[in-house]
Amino acid sequence: MAVLSQTPALAAEHGAARTTVTEAPAFSEGRPVLFRGATVITMDKHLGVLHNADVLVKKNKIRAVGHRLSVSDDAAVIEAHGAILIPGFVDTHRHMWQSTLRGIGADWTLTEYINWIYGWFKHYRAQDVYTGNYLGQVEAISDGVTTVMDWCHGAQTPEYADAAVDAHFDIPGRTRFGYGNLFTNDPSWVYSGDVDRMLNTRFSSPDQLVTMQLALDAVSLVPNLTTAFRYAKERNLAVSSHVGIFGVTGDDSIRFLADNAFLSPTSTLVHAATLSDDSYRRIADSGAHLSISAESELNAGQGYPPTGAARRFGVPVSLSMDTVVWWSGDMFSAMRATLDADRGLAFLRAHEAGDGIERNELRAADVLRYATLGGAEALGMADRIGSITPGKLADLVLLGRDTPAMTPVSNPIGHVVFQAGRGDIDTVMVNGKVLKHRGVLFGHYLDRARRLANESLDHLKSQIGDAEWNKAIGTAD
């Protein structure tokens, strides 16, 4: 039995420049792993929060959750006393192909984003889409996002789509590839043959780490759009759509989807921030899910995060980060921004009426659920991921105990939401495989991502030109 301390000592011993380790002998293939003595936030309504508890992983599944579990001699034991174990985060909407342009749009509005990014896409090569997805996946894993829905509307040709998918297959994270193509007004690409090719040759098993759905908007209500959505329905392909965006798409999209029976529990509606009560009622009746990107909605102008409407009408919610061109890829930030928006608006309205609020309606436990099990539900994967439940796949994140922000822990759920951050992530496990431990990623994924990203960024900047680049980031004279 190998016992591993739960500290970031490995990174410290090798210095700040040490970002990867090549091997993880303690976590060899097929070896059981026991997290011992953790505070376990299971997100399972029957198990709740367990203190000083153990979680046993064998192969790729959670085999037991309890106290003082016994393990075989060949098990790797992670001593986690004082640490917090949570299910991996599930991000239901991220444009990962844009990751190379991280941070350029910090001050942009939605209009500026559309003008710059969509105008620059003519400079993208298929390999740049690969690089963005590769970097985005490395970031997700490092940040405890064990499942991400890659809303890949940069797949303008089969070559670009294959490059995007290749990146995900090259990294052992759990990904839902959202096949999309924003760069045409004709949605016949959905049923012209390549989606079928992908389904048959690259996504033949539902048990793969990388699976597929469609990323298809209902903005331009053209005849071919009905055919495209009908194609998805006939093949039981889940569809994610941007809806309820100020000045772009409104209630007409919801009416189109609902009237044609294209709204269902397999539908994920992104933003949904400017809709009428009738639209939210239709969404609720269909069982469709929302993907709320509060950092994006609050800063870019899509509309106000609709958590209040979701509660009123009983619409299930998941969280997402949208794009790192603007915002962070940090699901801790997503939870906080969602709470900030909801509570701030509630107080504003109460104060305007001369009243106060004695109890916040949206709770920390709600947004942690949105970020884990809610995301799993939106992707149709709640029977497999999203909670620490025996029998589910082992997608787990251990938050360390060794930073000031993690000491002491009095309210575990509230602590994860408001106190913890990406720097507190000690261990990340996806499908039973430890990909990060003691704060260090295994393998050479990060080193490769940095090299590819620098090469891709150099190419893009050379094509964009210094004047336009500086204007975009607000440093032009």
Side-chain angles (χ1 to χ4, degrees), residues 91-105 113-141 145 148-187 189-190 192-195 197-199 201-203 208-217 240 242 270 320-327 329 445-446 448-464 469 472:
D91 183 333
T92 56
H93 154 240
R94 192 183 299 198
H95 304 298
M96 301 178 79
W97 63 271
Q98 301 173 356
S99 299
T100 305
L101 295 175
R102 177 187 308 281
I104 186 173
Y113 167 81
I114 292 172
N115 290 340
W116 292 118
I117 297 299
Y118 297 165
W120 290 347
F121 189 72
K122 62 181 177 288
H123 305 307
Y124 264 77
R125 305 161 297 180
Q127 68 199 68
D128 299 312
V129 171
Y130 174 96
T131 294
N133 273 16
Y134 190 92
L135 174 62
Q137 188 67 66
V138 171
E139 176 184 21
I141 292 170
V145 181
V148 60
M149 190 281 186
D150 173 26
W151 220 105
C152 192
H153 52 5
Q156 63 174 342
T157 69
E159 179 191 7
Y160 282 68
D162 277 320
V165 172
D166 286 344
H168 294 311
F169 277 102
D170 286 347
I171 305 174
R174 195 180 304 282
T175 312
R176 174 67 58 80
F177 173 66
Y179 196 159
N181 183 359
L182 183 71
F183 301 95
T184 177
N185 292 321
D186 182 1
W189 63 268
V190 173
S192 62
D194 197 60
V195 173
R197 175 188 68 84
M198 281 282 206
L199 289 172
T201 63
R202 310 209 65 177
F203 299 98
Q208 297 176 184
L209 276 177
V210 187
T211 54
M212 192 180 106
Q213 69 172 75
L214 288 183
L216 180 62
D217 286 335
S240 179
H242 294 94
V270 178
S320 59
M321 294 312 308
D322 201 344
T323 173
V324 298
V325 166
W326 267 313
W327 331 120
Y445 301 117
L446 180 55
R448 183 168 188 261
R450 284 173 168 163
R451 176 177 58 79
L452 292 175
N454 286 331
E455 292 172 355
S456 181
L457 187 60
D458 286 345
H459 162 74
L460 292 171
K461 289 179 70 174
S462 72
Q463 298 299 305
I464 293 166
W469 180 266

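Using a distance-only test at 3.5 Å, with no hydrogens or angles considered, no donor-acceptor pair links the side chain of T175 to the main chain of F177. A donor-acceptor distance shorter than 3.5 angstrom exists from the side chain of T201 to the backbone of R197, with no hydrogens or angles considered. A donor-acceptor pair under 3.5 Å is formed between the side chain of H95 and the backbone N or O of W151. Remark: the backbone N or O of E159 is not paired with any side-chain donor or acceptor of D162 at under 3.5 angstrom.
Y160 is linked by a side-chain hydrogen bond (donor to acceptor under 3.5 Å, both in side chains) to Q156, counting only residues two or more places apart in sequence or in another chain. Every residue meeting the side-chain contact (heavy atoms from CB on, under 4.5 Å) condition with R451, not counting sequence neighbours, appears here in chain and number order: R448, E455. Residues satisfying the side-chain hydrogen bond (donor to acceptor under 3.5 Å, both in side chains) criterion with W326, sequence neighbours excluded, are absent altogether. Scored by the side-chain hydrogen bond (donor to acceptor under 3.5 Å, both in side chains) test, R102 finds E139 as partners (sequence neighbours excluded). Partners of L182 under the side-chain contact (heavy atoms from CB on, under 4.5 Å) rule, at least two apart in sequence or in another chain, are Y118, H153.
Under the salt bridge (Lys or Arg N to Asp or Glu O under 4.0 Å) criterion, the residue pairs touching residues 171-181 are R174-D395, with sequence neighbours excluded.
Just one residue in the list D150, D322, V145 forms a side chain to side chain contact (heavy atoms under 4.5 Å, CB included) with D91, and that residue is V145.
Residues Y179 and W189 bring their aromatic ring centres within 6.0 Å.
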